[in-house]
Amino acid sequence: MAIQIHDTLAGRKRELVPLVPGRLGLYACGPTVYDLSHLGHARCYVVWDVVVRHLRARGYQVKYVRNFTDVDDKIIKRAGERGEDPVALAARYADAYLEDMDALGNLRPDVAPRVSEHVPQILEMIGTLVERGFAYAPGNGDVYYAVRRFPEYGRLARRNLDDLLAGARVEPGEAKRDPLDFALWKAAKPGEPSWPSPWGPGRPGWHIECSAMTRAHLGAPFDLHTGGKDLIFPHHTNEIAQSVAAAGDGVHAESYCRHWAHNGFIEIDDEKMSKSLGNFFTIRDVLARHDAEALRLFLLGTHYRNDFNFADTLLADAERRLGYLYETLEKADRAAAGGAAGPEEPFAEAARAALDDDFNTPQVLAILAEAFTSANALCDRGGKRTPQERSRLAAFAREARAVGAELGLLARPPSEALLALRDRAASRRGVVAAEVEARIRERAEARKNKDFARSDAIRDELLASGVVLRDGPAGTTWKVE
RNA sequence: GGCACCGUCGCCAAGUGGUAAGGCCCGGGUCUGCAAAAUCCGUAUUCGGCGGUUCGAAUCCGCCCGGUGCCUCCA
């Protein structure tokens, strides 16, 4: 089954065709590590993680590269404000980022290159650009890319040079021939990290690192480059210009990378969430309140290309929904016990087909919803279950987990996940488990004596503190709403 | 101003030419001592508005209204 993906370069959905059949090189633009990661990063990297998981599930041999930009103006600025070494600051936030990605259940990339470790490759590429006349060194220690030398400049962003000119700006001290030219190499200023170069000590400009690192780890052309849609211009636009000039055919964007995909934003109150607007939640802020897998489920509830609003209530809904999924799995596991798992249930392939179609995760969740409803109906049906029913439930549980694995969901043992969700809800509401269980024992006594008034009084009292009781054949269980 | 994107049930959200997925909420049923959970049934003749193309449009085209993003760091 062919994978369809919305390709920014083509401006439409098209088939994802790797250079080498069955293999796929993917470069996800990584974070600039000068602060804690926010929900926008969570969204972005969860999305590309699902892409990697699905492609692998479809048999592609994926090489997943996700970089760290650890040499950058913002890092230097932040380090200066704090009197900290920029290299140390970047390393610290890179570690924090990895912890956040792990917490979200994202797979580690195969390669996680850092700018600071690729300066030789960067210098080599800049040298090539100068040799080929795509870049120039005006003698002030900077090296600039000559935008007008590249005929397709702006194609990815669907902009021409004249459109862009209005917004172009030349900083004091720069020596650009054209205001749209951008720095490949920046002359060192006192106190900044720097490396020796043919043009004097300095450091890489913002865009060249990705060009050098993709070349080092994926070659050219490679198959899929991803990132947030805010990177289309100027970052990816400039990356294409550099790479096509240095390593490609000098003309066509495809000679650098064959497909480009960009994710939409998370918004707060209908405005983009971003560090510069200051309206962001860090991943840690959110995970302090909510289950990480619930956050993941929430993030996958909207198609990756759409923007969507973050709201705590929506995340709380996702957390309840995750509880439902795990409860159903637990029931199915129990009901299926001893049954030989049957053949694949149709919903699994339907879910994969939805992922084939531009990674339509909301569609997958809809397909799962129907499968879970059917499974519940089967579990709760009275009477003795037939071997066929047990085998269907076993197949359901197996396929549900397999589809879940492509989304990075449903990997925990249900009882463990449910307990974790309950504990989290309990601590949010200040509910103490031992106290609840003591009250449940009291109530069980009352119920045994058919003292339903007493029993219901206890239940109402617990309900007032957010505890919901559920009487079942095996006793009473509880949840926190 | 230029270039993109978006506007689908009270809320969230799929669907890009073939007659409106799914989730939450809400109403009713089954189950239950009563509940809760689960499940079943019901809930948009309609997709921002107005025109047009078509046998047929939420889906294509035009105009209008409303919103967002990018054009400067940003996932």
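Every chain is numbered from 1, with letters handed out A, B, ... down the list of sequences. Worth knowing before you read on, the calculation uses all heavy atoms, side chains too, and leaves out hydrogens, waters and symmetry mates. Note that the structure is a prediction, hence the values are computed from the model and not measured.
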Query raised in the report: Where along nucleotides 33-41 of chain B does protein come under 4.0 Å, by heavy atom, of base (B) or sugar-phosphate alone (S), with - for untouched nucleotides?
Result: BBBBSSSS-

Report task. Starting from C1' on rA14(B), measure out to CZ on F308(A) and report it in whole angstrom. Result -> 15 Å

For nucleotides 2-9 of chain B, tabulate all protein N/O to nucleotide N/O atom pairs closer than 3.5 Å, reporting atom names and distance.
from, atom 1, to, atom 2, distance (Å)
rG2(B), O2', D163(A), OD1, 2.9
rG2(B), O2', D163(A), OD2, 3.4
rG2(B), N2, R159(A), NE, 3.4
rC3(B), O2', R158(A), O, 3.1

Report task. Determine, stepwise, if the pair F308(A) / F298(A) fulfils ring pair (Phe, Tyr, Trp, His ring centres under 6.0 Å). Result -> CA-CA 11 Å; F308(A) 73 109; F298(A) 166 71; 5.4 Å; yes

Query raised in the report: Expressed as a whole number of Å, how far does the C1' atom of rU68(B) sit from that of rA21(B)?
Result: 26 Å

**Report entry** Length of the CD1-P vector between I232(A) and rG69(B), whole Å
**Finding:** 15 Å

Query - Whole angstrom value for the distance that separates P of rA14(B) from CG of L368(A) - result: 16 Å

Requested in this report: Select base, sugar-phosphate, or nothing to describe what T302(A) touches, counting heavy atoms under 4.0 Å on all strands.
Outcome: sugar-phosphate

Report task. With heavy atoms under 4.0 Å as the rule, sort H38(A) into base, sugar-phosphate or nothing. Result -> base

Query raised in the report: Once you round it to whole Å, what is the distance between P of rU72(B) and NZ of K74(A)?
Result: 15 Å

Report summary line: Heavy-atom nearest nucleotide on RNA chain B taken for F298(A) and for G227(A); more 5' hit belongs to F298(A)

Query - Strand partner of rC63(B), provided both Watson-Crick or wobble distances fall under 3.5 Å - result: rG49(B)

Report task. Write down the distance separating the P atoms in rG49(B) and rA58(B), rounded off to the nearest Å. Result -> 11 Å

**Report entry** Phosphate OP1/OP2 of rC73(B): any K77(A) side-chain N/O under 4.0 Å
**Finding:** no

Query raised in the report: Whole-Å distance between rC60(B) C1' and R12(A) CZ?
Result: 16 Å

Query raised in the report: If we call it a pair only when both distances are under 3.5 Å in a Watson-Crick or G-U wobble match, what pairs with rU32(B)?
Result: none

Report task. Scan residues 363-373 of chain A for pairs that pass side chain to side chain donor-acceptor pair (under 3.5 Å), counting only residues two or more places apart or in two chains. Result -> none

Query - For atom CZ of F233(A) and atom P of rA75(B), their distance in whole Å - result: 16 Å

Query raised in the report: Is the shortest side-chain N to carboxylate O distance from E84(A) to R92(A) below 4.0 Å?
Result: yes

Requested in this report: Could you measure between the two P atoms, the one in rC61(B) and the one in rU53(B), and give it in whole Å?
Outcome: 15 Å

Report summary line: Which of rC12(B), rC73(B), rA75(B) is nearest the side chain of M273(A)? It is rA75(B)

Query raised in the report: What is the nucleic acid contact for Y45(A), judged by heavy atoms within less than 4.0 Å: base, sugar-phosphate only, or nothing?
Result: sugar-phosphate

Report summary line: Those residues at least two apart in sequence (or on a different chain) that pass side-chain contact (heavy atoms from CB on, under 4.5 Å) with N306(A) are T302(A), H303(A)

Report task. Taking atom P in both rA75(B) and rG67(B), compute the distance separating them and give it to the nearest angstrom. Result -> 28 Å

Requested in this report: Rounded to whole angstrom, note down the P distance from rA37(B) over to rA44(B).
Outcome: 24 Å

Report summary line: ring-ring contact (aromatic ring centres under 6.0 Å, His included) filter on F233(A), not counting sequence neighbours, yields none

Report task. Give the rounded distance in Å between these two atoms: CZ of F265(A) and P of rU68(B). Result -> 14 Å

Query raised in the report: Are the ring centres of F182(A) and H207(A) closer than 6.0 Å?
Result: yes

Query raised in the report: Could you give the CD-to-P distance, from E319(A) to rC24(B), as a whole number of Å?
Result: 16 Å

Report summary line: The ring-ring contact (aromatic ring centres under 6.0 Å, His included) partners of F68(A) (sequence neighbours excluded) come to Y97(A)

Query - Those residues that, when tested against E271(A), pass side-chain hydrogen bond (donor to acceptor under 3.5 Å, both in side chains) (two or more places apart) - result: none

**Report entry** Stepwise ring pair (Phe, Tyr, Trp, His ring centres under 6.0 Å) test for Y93(A) and Y34(A)
**Finding:** CA-CA 6 Å; Y93(A) 283 122; Y34(A) 71 102; 7.8 Å; no

Query raised in the report: Base, sugar-phosphate, or nothing for G301(A), non-hydrogen atoms under 4.0 angstrom?
Result: sugar-phosphate

Requested in this report: Using a heavy-atom cut-off of under 4.0 Å over every strand shown, decide if I367(A) touches base, sugar-phosphate, or nothing.
Outcome: nothing

Requested in this report: Go through the structure and list residues passing side-chain hydrogen bond (donor to acceptor under 3.5 Å, both in side chains) with H262(A), not counting sequence neighbours.
Outcome: T8(A), H236(A)

**Report entry** Residues which pass side-chain contact (heavy atoms from CB on, under 4.5 Å) with A400(A), listed by chain and number, not counting sequence neighbours
**Finding:** L329(A), F347(A), F372(A), F396(A)

